[in-house]
J.: 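Before I ask anything, let me first share the structure, which is written out below as C-alpha cells.
We use all heavy atoms of the structure for the numbers below, so side chains are in, but hydrogens, waters and symmetry mates are not. Indexing begins at 1, ligand by ligand and atom by atom, following the structure's order. We're numbering straight along the sequence, starting at 1.
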Amino acid sequence: MKHVIFSGIQPSGQLHIGNYFGAIRSWLDLQKQPGTTCIFAIVDYHALTEGPDPKELEQRIFDTTVDFLAAGLNPQKSTIMLQSLVPEHTDLAWILNCVTPISWLERVPTFKEKAAQFKNNLNMGLMDYPILMAADILLYNATLVPVGLDQLPHLELAREIARSFNARYGKTFVEPADRITPTPKIMSLTDPTKKMSKSLGIKAYIALSDEPAVIEKKIASLPTATGNEATIIQELLKSTKEIHEEFKDITASKTADRQITTEADLNALRKKLGDAKYRTFMALYNFYMLLYIFASAHDRRRFLDELQKGTAQFSVYKKLLSNRIATYPPFVAFRKKRAELVRNPKQVEKTLRDGSARARRHAIRNLTIIKKKIGLA
Ligand code: LTN
C-alpha cells in the first residue's frame with residue numbers, strides 16, 4: 001500500500017538531540033522509503049495556543065526550517081510546509097469542530113493538563129488543539145502518522161472524528177494509523193527527571209547546532225552519582241538489561257511499531273526509591289542512555305562494570321561522551337549543512353513557501369470534495 005505520511009512539529013526554534021531521536025530520525029527513515037508521500041509541517045497555528053512573542057515566533061519558524069533542511073529532510077522528496085500558509089487546515093478544522101462533541105475534547109489528557117496549568121486564562125485554542133491536528137492529518141488523507149507516545153490520544157481522536165464525519169456524510173476520510181517512534185527518552189541535562197526540552201533552559205539540552213566546545217561544557221556539568229549508591233546502582237544494572245531489550249531494534253534502525261514500556265517501570269521505581277534516590281537513579285539512567293546511543297557496546301559495558309565496582313570515573317566518561325556526540329556523523333553533517341543554509345536565508349524561506357504552495361494544491365483539491373459532501377459551495 002502506498003502511504004501518505006503526515007507529521008508536524010511546533011516551531012520551538014533550534015532542534016535538540018531529543019527531537020532528533022524522537023521525531024526527525026524517523027521522518028528521515030520514512031522519506032527514504034520508496035512509494036511514500038511525506039508531508040512534514042511546522043505547525044505555527046498550534047504554537048499560538050501558548051501565546052508566543054511575535055518576533056520570537058518568526059525567528060523560531062526560520063530556525064526550525066533551517067534545522068529540518070540541515071538534518072536531511074529533502075524538499076525534493078518530502079513536502080516541507082508551514083501550517084499557516086495553508087489556510088485549508090483551519091477551514092477544515094472548523095468543519096470538524098461541527099462534528100465533534102465537546103466531551104471528546106474534555107477527555108484529552110494534554111487538555112486536562114493545560115486546563116490545570118492555565119486555570120484562569122485557558123484559551124479556546126488549547127481545547128481545539130486536537131481538532132486542528134486532526135484537520136492537518138485528514139486534509140491530506142494521511143494513512144500513517146509518525147508521533148511520540150504522548151500523541152496517541154490525539155490520533156485516536158482524529159480517527160473518531162474521521163469516523164463521525166464519514167458516518168454522517170459518507171465515506172470521505174481515511175482513518176490514519178499511528179507509527180510510534182521507538183526511542184530512548186533523552187532527559188534534561190539539568191533535571192534528569194524531566195524530558196529534554198527547550199523550555200527548561202539552554203543548559204538543559206544539546207542543540208543539533210551546538211559546537212563541540214559547547215557540547216563538552218554541557219556534558220561536563222551533567223549531574224551524576226556521588227558516594228555510595230549501591231541500591232541505585234543495582235536498580236540501574238537491572239534496568240539496563242531492559243534497556244537493551246527495549247531498544248535493540250533502534251540501533252539497528254528498524255522501524256518496528258512497538259510500544260515503549262519503561263515509563264510505567266520508571267513510575268514504579270520512583271515510588272520504590274523515594275524522590276531523592278530516584279533523582280540519582282535518573283541521573284545515572286540518563287548518563288547510561290546517552291552512552292547507549294553514542295558510545296560503543298564495549299564502553300558501555302566497561303562503564304557498568306566500573307560502576308558496580310565503585311571505580312567509575314565520571315570525568316573520563318564525560319570526555320568520551322562529549323567526544324562521541326560531537327563527532328556523531330549525522331551531527332557533523334548537520335552543522336556543516338546548517339552553516340551553508342544560514343548564509344542564504346532567502347533560499348530557506350523560499351523552500352518553505354514552495355513546499356507550502358505544493359501542499360496547498362492538494363489541500364484545496366481535497367477540501368473542495370469535502371465541502372461538496374456537506375452541501376457547501
Ligand atoms: N501535537 C503534535 C504536533 C502536531 C502533529 C500534527 C503531529 C500538530 N499537528 C499532525 C502529527 C500530525 C506535537 O506536539 N508533537
J.: Donor-acceptor check, side chain of Lys171 to backbone of Phe173, threshold 3.5 angstrom: yes or no?
T.: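 Here the side-chain-to-backbone pair exists.
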J.: Over 60° means perpendicular and under 30° means parallel, so tell me whether Tyr328 and Phe331 are parallel, tilted or perpendicular.
T.: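 The arrangement is perpendicular - the two ring planes meet at more than 60°.
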J.: Between Asp305 and Arg302, does any side-chain N to carboxylate O distance fall below 4.0 Å?
T.: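 Here Asp305 does not pair with Arg302 in a salt bridge, since their nearest N and O are not under 4.0 Å apart.
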J.: May I ask you to identify the nearest protein heavy atom to atom 6 (C) of ligand 1, giving residue, atom name and distance to one decimal place in Å?
T.: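 In this structure, atom 6 (C) of ligand 1 has Met133 CG, 3.5 Å as its nearest protein heavy atom.
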J.: Please could you name the atoms of ligand 1 that His46 approaches to less than 4.0 Å, counting only its heavy atoms?
T.: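 In order of number, 8 (C), 9 (N).
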J.: Among all protein heavy atoms, pick out the one at the shortest distance from atom 9 (N) of ligand 1; state its residue, atom name and that distance to 0.1 Å.
T.: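 Looking only at protein heavy atoms, the one closest to atom 9 (N) of ligand 1 is Asp136 OD2, 2.7 Å.
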J.: What is the nearest protein non-hydrogen atom to atom 14 (O) of ligand 1, stated with its residue, atom name and distance?
T.: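 It is Tyr129 OH, 3.2 Å.
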J.: When you measure from atom 2 (C) of ligand 1 to every protein heavy atom, which one gives the shortest distance, and what is it?
T.: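 Atom 2 (C) of ligand 1 sits closest to the protein heavy atom Gln151 OE1, 3.3 Å.
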J.: Ignoring hydrogens, what is the shortest heavy-atom contact between Ile42 and Leu82? Give both atom names and the distance.
T.: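 What the structure gives for the nearest pair is O-CD1, 3.6 Å.
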J.: Walk me through whether Gln83 and Asp136 qualify under side-chain hydrogen bond (donor to acceptor under 3.5 Å, both in side chains).
T.: CA-CA 8 Å; Gln83 188 187 34; Asp136 294 341; 3.0 Å; yes
J.: Using 0.5 Å steps for rounding, measure from the CZ atom of Arg279 to the OG1 atom of Thr193.
T.: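 With rounding to 0.5 Å, CZ (Arg279) is 5.0 Å from OG1 (Thr193).
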J.: May I ask you to identify the nearest protein heavy atom to atom 3 (C) of ligand 1, giving residue, atom name and distance to one decimal place in Å?
T.: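 Here the nearest protein heavy atom works out to Gly8 O, 3.6 Å.
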J.: With a cut-off of 6.0 Å (strictly less than), are more than 12 heavy atoms of other residues, nucleotides or ligands near CD of Glu58?
T.: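 No - once you tally the heavy atoms of other residues, nucleotides and ligands closer than 6.0 Å, there are 12 at most.
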J.: Please work out whether any backbone atom (N, CA, C, O) or any side-chain heavy atom from C-beta onward of Ile137 is under 4.0 Å from ligand 1, and answer side chain, backbone, both or neither.
T.: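 Contact part for Ile137 vs ligand 1: side chain (C-beta onward).
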J.: What are the atoms of ligand 1, with element, lying closer than 4.0 Å to any heavy atom of Ser7?
T.: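 Those qualifying, in numeric order: 11 (C), 12 (C).
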J.: Hey, what's the ring geometry for Phe314 with Phe287, parallel, tilted or perpendicular (30° and 60° as the breaks)?
T.: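 Rings of Phe314 and Phe287: perpendicular, over 60°.
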J.: Quick one: which ligand 1 atoms are inside 4.0 Å of a heavy atom on Val145?
T.: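 Per the distance check, 11 (C), 12 (C).
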J.: Backbone, side chain, both or neither: what part of Asp150 comes under 4.0 angstrom of ligand 1, heavy atoms only?
T.: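 No part of Asp150 is near ligand 1 at this cut-off.
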J.: Looking at Val43, which atoms of ligand 1 are within less than 4.0 Å of one of its heavy atoms?
T.: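 It comes down to these atoms of ligand 1: 8 (C), 9 (N).
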